[in-house]
> 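Once you've had a glance at the structure underneath, I'll fire off some questions.
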Protein chains: 2
Amino acid sequence: MKYIEKLRNSGLRPTKQRLQICEVLFDTERTFHFTINQLEQRIKDKIDNKISLATIYNTVHAFEKKGYLKQIPLNSNQTYFDTNVTDHHHFYDLKKEKLIDLENSDVGPINIKRKINGKKIKSIEVLVKLDD
Amino acid sequence: MKYIEKLRNSGLRPTKQRLQICEVLFDTERTFHFTINQLEQRIKDKIDNKISLATIYNTVHAFEKKGYLKQIPLNSNQTYFDTNVTDHHHFYDLKKEKLIDLENSDVGPINIKRKINGKKIKSIEVLVKLDD
DNA sequence: ACACTTATTTAGAACCATTATAAACTGCAA
DNA sequence: TTGCAGTTTATAATGGTTCTAAATAAGTGT
């Protein structure tokens with residue numbers, strides 16, 4: 001399995017549950033956005049055994065910490081994650097409550113002129129809200 | 001009172017509670033960021049009578065709908081609001097969990113090249129996360 | 001001023017995403 | 001195979017936010 005070493009290399013034991021979640025998250029044509037509840041549903045659909053909700057939370061947070069997932073800054077009652085961990089931005093369709101990836105070529109370079117003493121920029125995220 | 005007509009003009013009855021919340025939010029030297037709990041505390045400090053938490057939620061949402069407050073897109077268990085409703089962006093200090101305003105002059109113009117059919121851009125918000 | 005309608009406030013309950021708990025289980029190194 | 005640390009699990013607890021329904025206050029017309 002290709003995910004076994006990936007997990008071992010990050011210090012995560014390649015358990016059955018984690019490997020199955022890897023398949024759901026990363027064996028896809030395209031990257032995608034999800035909430036924990038949506039992921040839970042996908043797992044139910046694609047996998048025979050049950051994975052507890054607590055494990056899903058644990059795994060998603062472990063993967064996020066390792067950089068395999070990103071949280072998307074958004075005001076919602078649910079946390080959104082992204083399997084696309086490259087630097088990129090988002091449209092948010094307010095009506096449909098849906099996120100749409102903006103390719104980096106869709107957004108001109110972002111120039112932050114101000115510095116904060118002793119702080120480094122870790123990420124720059126742009127959210128473009130869409131109306132009708 | 002200067003807030004009475006402001007509220008009436010937006011179709012909100014100028015109740016005692018709303019006027020007091022206006023004072024806490026808008027009678028300040030500087031704009032500021034807050035969570036509902038932080039606002040509740042400020043109200044307790046500045047005002048004699050009690051305002052119920054439900055009223056604070058109601059009022060903040062009413063003010064946001066009228067454009068007197070903005071929500072800040074951020075992944076946190078609490079919702080952050082901003083009394084600065086002009087177009088501007090934010091640093092987020094991950095260590096201190098603190099927001100810092102970026103003046104518009106601190107960020108070069110943001111050029112969104114992609115269009116979505118029939119949708120208009122309502123806002124563009126940039127979040128710059130800071131590390132040590 | 002009065003009566004009437006409608007908006008607002010309120011305490012408390014309900015909701016629900018997320019996190020904590022603690023016991024059972026599993027991977028893995030010795 | 002044994003032991004230990006890491007992981008999974010069901011369930012409870014937490015906590016921010018929203019809902020509810022009754023009490024109160026504001027606006028309107030008379």
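In this text, all values refer to a predicted model and were calculated from it rather than measured experimentally. A note on names: the letters A, B, ... follow the listed sequences, proteins ahead of strands, and every chain is numbered from 1. Just the heavy atoms: all of them, side chains too, but no hydrogens, waters or symmetry mates, feed the values below.
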> Check whether any side-chain heavy atom of B:I112 lies under 4.5 Å from a side-chain heavy atom of A:V107, and answer yes or no.
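Yes, their side chains come closer than 4.5 Å.
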> Would you tell me if any nitrogen or oxygen in the side chain of B:Q17 comes within less than 4.0 Å of OP1 or OP2 on D:dA25?
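For B:Q17, the contact criterion (side-chain N or O under 4.0 Å from OP1 or OP2 of D:dA25) is not met.
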> Five pairs at each end of the helix from C:dA1-D:dT30 to C:dA30-D:dT1: take the axis at both ends and give me the angle between them to 10°.
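End-to-end axis angle: 30°.
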> Specify the residue among B:K16 and B:I36 whose closest nucleotide of DNA chain D lies further upstream toward the 5′ end.
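That would be B:I36.
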> What range of DNA chain C does chain A touch, first nucleotide to last, counting atoms under 4.0 Å from its heavy atoms?
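Endpoints of the contacted stretch of DNA chain C: C:dA17 to C:dC28.
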> Within the 4.0 Å heavy-atom criterion, would you say B:T79 contacts the bases, only the backbone, or no part of the nucleic acid?
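Sugar-phosphate only.
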> Test A:Q41 against A:N37 for side-chain hydrogen bond (donor to acceptor under 3.5 Å, both in side chains), laying out the working first.
CA-CA 6 Å; A:Q41 193 54 55; A:N37 285 330; over 6 Å; no
> Round to a whole Å and report the spacing from CG of B:N75 to P of D:dG16.
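Roughly 17 Å, once rounded to whole Å.
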> Find out whether B:Y80 and A:N75 are in side-chain contact, i.e. whether some heavy atom of one side chain is under 4.5 Å from a heavy atom of the other.
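B:Y80 does not reach A:N75 side chain to side chain.
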> In whole angstrom, what separates A:L19's CG from D:dT7's P?
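After rounding, the gap between these two atoms is 12 Å.
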> Give me the residues of residues 40-59 of chain A where at least one heavy atom lies under 4.0 Å from an atom of DNA chain D, by number, or none.
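Correct list: A:K50, A:I51, A:S52, A:A54, A:T55, A:N58.
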> Quick one: which residue pairs count as a side-chain hydrogen bond (donor to acceptor under 3.5 Å, both in side chains) with a foot in residues 46-55 of chain A, not counting sequence neighbours?
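Those involving residues 46-55 of chain A are A:Q20-A:N49, A:S52-A:T55.
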> What is the distance, to the nearest angstrom, from the CZ atom on A:R18 to the C1' atom on D:dT9?
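Those two atoms, CZ and C1', are 14 Å apart.
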> Check this for me: A:K113, atom NZ, are more than 12 non-hydrogen atoms of other residues, nucleotides or ligands nearer than 6.0 Å?
yes
> Kindly say whether B:T83 contributes a backbone atom to a donor-acceptor pair with the side chain of B:T31 at under 3.5 angstrom?
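Absent.
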> Would you kindly compare B:T35 and A:L12 by the position of their nearest DNA chain D nucleotide and give the one closer to the 5′ end?
A:L12
> What is the distance, rounded to the nearest whole Å, between atom CD1 of A:I4 and atom P of D:dT7?
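Atom-to-atom, A:I4 to D:dT7, this comes out as 15 Å.
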> To the nearest 0.5 Å, what is the distance between NZ on A:K115 and CG on B:L130?
10.5 Å
> Between side-chain atoms of residues 116-128 of chain B and protein atoms elsewhere (two or more places apart, or another chain), which donor-acceptor pairs fall under 3.5 Å?
unit_1: B:K119; atom_1: NZ; unit_2: A:D93; atom_2: OD1; d: 3.3
unit_1: B:K119; atom_1: NZ; unit_2: A:D93; atom_2: OD2; d: 3.3
unit_1: B:K119; atom_1: NZ; unit_2: A:D132; atom_2: OD1; d: 2.8
unit_1: B:S123; atom_1: OG; unit_2: B:E125; atom_2: OE1; d: 3.2

> How close or far is atom C1' of D:dT17 from atom CZ of B:F34, stated in whole angstroms?
15 Å
> Give a yes/no answer on whether the side chain of B:R8 brings an N or O atom under 4.0 Å of OP1 or OP2 in D:dG27.
yes
> Rounded to whole Å, how long is the line connecting atom CG of A:N77 with atom C1' of D:dT18?
11 Å
> Just to verify, what does B:F26 make a ring pair (Phe, Tyr, Trp, His ring centres under 6.0 Å) with, not counting sequence neighbours?
none
> Keeping B:S10 on the side-chain end and B:K6 on the backbone end, is there a donor-acceptor pair under 3.5 Å?
yes
> Any Lys/Arg nitrogen of A:R114 or B:D101 sitting under 4.0 Å from an Asp/Glu carboxylate oxygen of the other?
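B:D101 and A:R114: not salt-bridged.
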